[in-house]
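These numbers come from a predicted model, not from an experiment. Letters go in sequence order (proteins before strands), and every chain restarts at 1. The basis for the numbers below is simple: all heavy atoms, side chains too, and nothing from hydrogens, waters or symmetry mates.
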Amino acid sequence: MWSHLRKSGIKLPKITAKEIERKIDPILRQMEKAGIKLDVKAIQLLSKKLEAKSQKLEASIYKSAGEKFNIASPLQLAEVLFEKLRLPSEELKRTKSGVSTAASELKKVVDKHEIIKPILEYRELSKLLSTYLKPLPAMADKNSRLHTHFGQDTSTGRLTSFEPNLQNIPIKGELGPEIRRSFVAEKGCKLISADYSQIELRVVSCLSGDPAMMEAFSTGQDVHARTAAELFDVEITEVSHDQRRVAKTVNFGVLYGMSPYGLSQALSISQDEAAKYIGRYFTVHSGIKDYCNRMIELARSEGYVETLFGFRRELPNINSPHRQIAEAEERMAINTPVQGTAAEILKLSMIRLADQLKVLNENSKIKSQNYNSKLKNSGILNQVQDDDPKNLKSCYLKPRLILTVHDELIVEVPEEQAKKIAQVMKETMEGAVKLCVPIEVSVGVGENWADTKNNVA
DNA sequence: ACAATGGTCC
DNA sequence: ACTCGGACCATTGTA
């Protein structure tokens, strides 16, 4: 499907999607076994703090409402807000059971009543408490490590994480970093996080061959700023925060097969205005537009689309007479090759990195003698990671992959090796595939997951 | 046990 | 009326 790209500066490892799946499997099992350490004390402290705050909010909500009710029930909440308190609901979305109480809707009436703000805040805290703060400590093993399970059966080739899902740990807001601070490195070790910068946009620029977008990446521009410059017809240096935000949303929208409605919702603007942006975007980026049309046509005639490495997704309903069903699959036809190829690049980099780490371990000058003294000094003989206590020596202070979050890899390494391995990760990931544009990876080292984001290695 | 609703991540 | 890709999980409320 992509053989025509071979002449466009792209160079691919001789490997198929199936082989990638086969090779990634033992790596995933090793990562599951290794797990990631949770600072149980810290997370329980945070939990207590937020619980107290949550109760105060609860009381304040009951007071504003003039009655007690179940805030977690959309049904009861809607009744209180839109019947008892008579808040205007005309502008808000409906669900099957009545007016939607989704945060995106409640925000529209936040100025109409004092009760809305505490509700939104209460919701946020409830979410964090019930999904992360309370359950995670209970799932940690005797060494405080969390062992997720990685799944490989998705429609685009992405990996999943479950029981617990460690791919949706909060990062946004004030509390996100607080929570991520509880994901820590073992004593004497560091976490290194390396993530691909705008990998999906780079992939689509390459799959489409769109000259403007390729140029943006090839010359190291801020791609969202550039898009903003194009959309608003200003110099790239004169782009405002807001213009860049809009452009960023449009860029993401492209990957999802955006419609004027979807974009209007995402940006809280009118559909007309959204349609203007889309029109302008596709005028400047006709290569992207052609890509979208090509994928839809391909799916219509062949019944499937493929990623760069040949992962196939069937789209049996793309010729459905039901517009809504057909259009949904059209968006999949656009998105799957992009998301799927990005996933393959990440998996390829995992395979390469696992090899690199193995070599590094075998050549390591830190031999068993040093291990022994290190172990004694650090006093952690009884809290290391491997299931088999007899293997303690060989696995402590051994760099290993422990987590992946779609465009990010996290390893845990002895601190004295952190700098070196951070560099290895960056090079390995950036060189995993040669696209027609450069691939950039940012790396950070820290004692915990949050700190890896502040520290450029 | 299951659908609906809502929310977290990339 | 509906509408932007891919996941997992908690809670409510009904069957």
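- For the OP1/OP2 pair of C:dT11 and a distance below 4.0 Å, the side-chain nitrogens and oxygens of A:Ser73 include no atom meeting the criterion.
- Closest approach of A:Ser349 and A:Thr428 over heavy atoms only: O-CG2, 4.0 Å.
- Counting non-hydrogen atoms under 4.0 angstrom, A:Arg313 reaches the backbone sugars and phosphates but no base.
- For A:Ser259 and C:dC4, the shortest distance from a side-chain N or O to OP1 or OP2 is below 4.0 Å.
- Contact annotation for A:Ser155: backbone-only contact, meaning every heavy-atom pair under 4.0 Å involves sugar-phosphate atoms and none involves a base.
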**OP:** Summarise how protein sits on nucleotides 4-10 of chain B as a single string, 5' to 3': B when a protein heavy atom is under 4.0 Å from the base, S for sugar-phosphate-only contact, - for no contact.
**Re:** SSBBBSB
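- Atom pair A:Glu330:CD and C:dT3:P shows a separation of 16 Å (rounding to whole Å applied).
- Proximity of A:Arg331 to the phosphate of C:dG6: no side-chain N or O atom is located under 4.0 Å from OP1 or OP2.
- The aromatic rings of A:His149 and A:Phe162 lie parallel to each other, their planes meeting at an angle below 30°, with 60° marking the opposite boundary.
- Here A:Gln324 does not reach the OP1 or OP2 of C:dA1: none of its side-chain N or O atoms lies under 4.0 Å away.
- If you check residues 273-288 of chain A against DNA chain B, you find no residue with a heavy atom closer than 4.0 Å.
- Rounded to whole Å, the P atom of B:dG7 lies 23 Å from the corresponding atom of C:dA1.
- A salt bridge does not link A:Lys37 to A:Glu412: none of the charged nitrogens lies less than 4.0 Å from a carboxylate oxygen.
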